[in-house]
Amino acid sequence: MSFPLLTATAALPAAGAILTAAVPAARRTAAKWLALLFSVATLALAAVVAVRFEPGGARYQLTESHAWIEDFGVRYQLGVDGIGVALIALTALLIPFVIAAGWHDADPLETRSTRWRPTQGFFALILMVEAMVIISFEATDVFLFYVFFEAMLIPMYFLIGGFGDRAHSGTDDNAAAQRSYAAVKFLLYNLVGGLIMLAAVIGLYVVTHTFSLTEIADLRAAGKIDMATNTERLLFLGFFFAFAVKAPLWPLHTWLPNAMGEATAPVAVLITAVVDKVGTFAMLRFCLQLFPEASKWATPVILVLALISIVYGALLAVGQRDIKRLVAYASISHFGFIILGIFAMTTQGQSGATLYMVNHGLSTAALMLVAGFLISRRGSRLIADYGGVQKVAPVLAGTFLIGGLATLSLPGLAPFVSEFLVLVGTFARYPVVGVIATFGIVLAALYTLVLYQRTMTGPVKEEVRAMPDLRPRELLVVAPLIALLIFLGVFPKPLTEIVDPAVRHTMSDVQQHDPRPEVEAAK
């Protein structure tokens, strides 16, 4: 039997989480290095997955299939397409930076209410989230996917509620209450979505008698699945609702600003750059593949919701006074673009949406981590408490600017390519929707540049006069992300070659073809 590469890629961080949690309490530094070592080893395995994947080969590769719960037809079944490979690589790449950026975030504090913070638990939970996200990208059994789709909520709940941001303007008790509120809201929203999805998963099994994506595809091709129109639409809505909460899509988005605002900066990156991608990925893998007709039926409403997310998220970002909440609302706007690209039902739109998932992960990680370094120095998340930072910490200000320019999709940086493809793909089929979506680009420039102007330029405020510049560890976190943003902005081919064949398969699932431009014949 060949080496189970996909299992190993998910199992390695899970093993690292267990070993990190078992490190004695007095050996905090050893626990940090152990967690970082396992995250780097996972990145190496993810690189092997990417190298062994053949873009022109079978749809699902490196497959594994074993009996699990035979009485219910549940199998431990894994496989990756190009979209899964890209997102596994993104996850494995970001986790070492998240760990390095949060090196001191769980160190014990002197105050009574935070004395309990276990450093080992913080890093173990991060590795456990990584393991669950990776196996979610690999699962080709619907029930197996559902188990880890829900299970990842547990470590995220403790990361948000137990290890909150220390830069809080209120008392310790007030900060703890707000962290608890954000964690519970995150959990309840996603649990409700998951419970609705569970009903849809059961309904899917009743109709198809299997949870396997590949078996369902074969049965559909052979004409052996007789799914009534209303049944397909109801099942689609059950799946889509859960994914829209996770994504998040307006109006199911309200948990995200609270969660990102109260979490530490590295955990905020984990939320929006890693965990939330499972929702948009699942729309491509499950909604479109399992329910093609229902997906086309729901497209007009979903496009409207995506447009609202784009404009609404950007408008609220413009008016924010809190740096982290601004990034959260900007992410809601960006997820609107991703969902717009998915349901534009064009190859450019879906390729752009997949690239957007990767590029948004990189740009948001760069911006949020630098913002976290900034906030840790001043002890405040409020934009008004800063000013003139570029004069005392020019490297910090420069990296913050590049992260911000990537967020607004400046040409030459990676997000521009993906946003351009999404808009081109949308214009091809829904020109009015594409025109409205471009308004989000204008607003992105507004909130990003205003944020930079108010924090980095102008007179130097007394409170930031002694602010140190980025330290070597912080530079090691930020510099590779900025290098990737520039590299993929100039040369996106390594990603597009992997992603495009998977997108063509998805377009075939929904029986859609790119619209041809109507050109009037020359007279």
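- Between the side chains of Tyr447 and Thr407, no donor-acceptor pair of N or O atoms lies under 3.5 Å.
- Looking at heavy atoms from C-beta onward, Val477 lies out of side-chain contact with Val370 at the 4.5 angstrom threshold.
- For Gly336 against Ile310, the heavy-atom pair with the smallest separation is C-CG1, 3.6 Å.
- Shown here for Leu408 and Ala445, the closest heavy-atom pair between the two residues is CD2-CA, 3.9 Å.
- Taking the ring axis of Phe149 as reference, the NZ or CZ atom of Lys246 stays within 45° of it and closer than 6.0 Å to the ring centre.
- Arg377 and Glu474 are joined by a salt bridge, as a carboxylate oxygen and a charged side-chain nitrogen come within less than 4.0 angstrom of each other.
- Inter-residue side-chain proximity for Val98 and Val274 is flagged as unmet; no heavy-atom pair is nearer than 4.5 Å.
- For residues 305-322, the set of pairs meeting the side chain to side chain donor-acceptor pair (under 3.5 Å) definition, not counting sequence neighbours, comprises Asp322-Arg381.
- Results of the side-chain contact (heavy atoms from CB on, under 4.5 Å) test with Phe53 over Val85, Val48, Ile88 single out Val85 as the only residue that passes.
- For Val389 against Thr455, the heavy-atom pair with the smallest separation is CG2-O, 3.2 Å.
- Taking the side chain to side chain donor-acceptor pair (under 3.5 Å) definition, one finds that Ser418 meets it with Asn359, sequence neighbours left out.
- Val245 places a side-chain heavy atom less than 4.5 Å from the side chain of Trp255.
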Practice problem: Determine, stepwise, if the pair His253 / Phe335 fulfils ring pair (Phe, Tyr, Trp, His ring centres under 6.0 Å). | Solution: CA-CA 10 Å; His253 67 284; Phe335 275 104; over 10 Å; no

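- Residues Met197 and Phe145 are in side-chain contact: their nearest non-hydrogen atoms beyond the backbone lie under 4.5 Å apart.
- Taking the side chain as every heavy atom from C-beta outward, Leu340 and Thr426 approach each other to under 4.5 Å.
- The shortest non-hydrogen separation linking Leu94 to Ala273 is CD1-CB, 3.7 Å.
- In this structure, Val392 and Val464 approach most closely via the heavy-atom pair CG2-O, 3.4 Å.
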Quiz item: Going through the checks in order, is the side chain to side chain contact (heavy atoms under 4.5 Å, CB included) test met by Phe337 and Ile441?
Solution: CA-CA 10 Å; Phe337 276 107; Ile441 301 175; 4.3 Å; yes

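- Among the candidates Val499, Thr354, Val358, the single residue satisfying the side-chain contact (heavy atoms from CB on, under 4.5 Å) test with Leu87 is Val358.
- The two atoms that bring Met152 and Ser136 nearest to each other are CE-OG, 3.3 Å, heavy atoms only.
- Residues passing the side chain to side chain donor-acceptor pair (under 3.5 Å) test with Tyr452 are Gln390, sequence neighbours excluded.
- A heavy-atom distance below 4.5 Å is found between the side chains of Pro415 and Leu485.
- Between Phe487 and Phe491, the ring planes are perpendicular. Angles over 60° get that label, and only those under 30° would be called parallel.
- When each of Arg59, Gln61, Arg285 is paired with Asp81, the side chain to side chain donor-acceptor pair (under 3.5 Å) condition holds for Arg285 and for no other.
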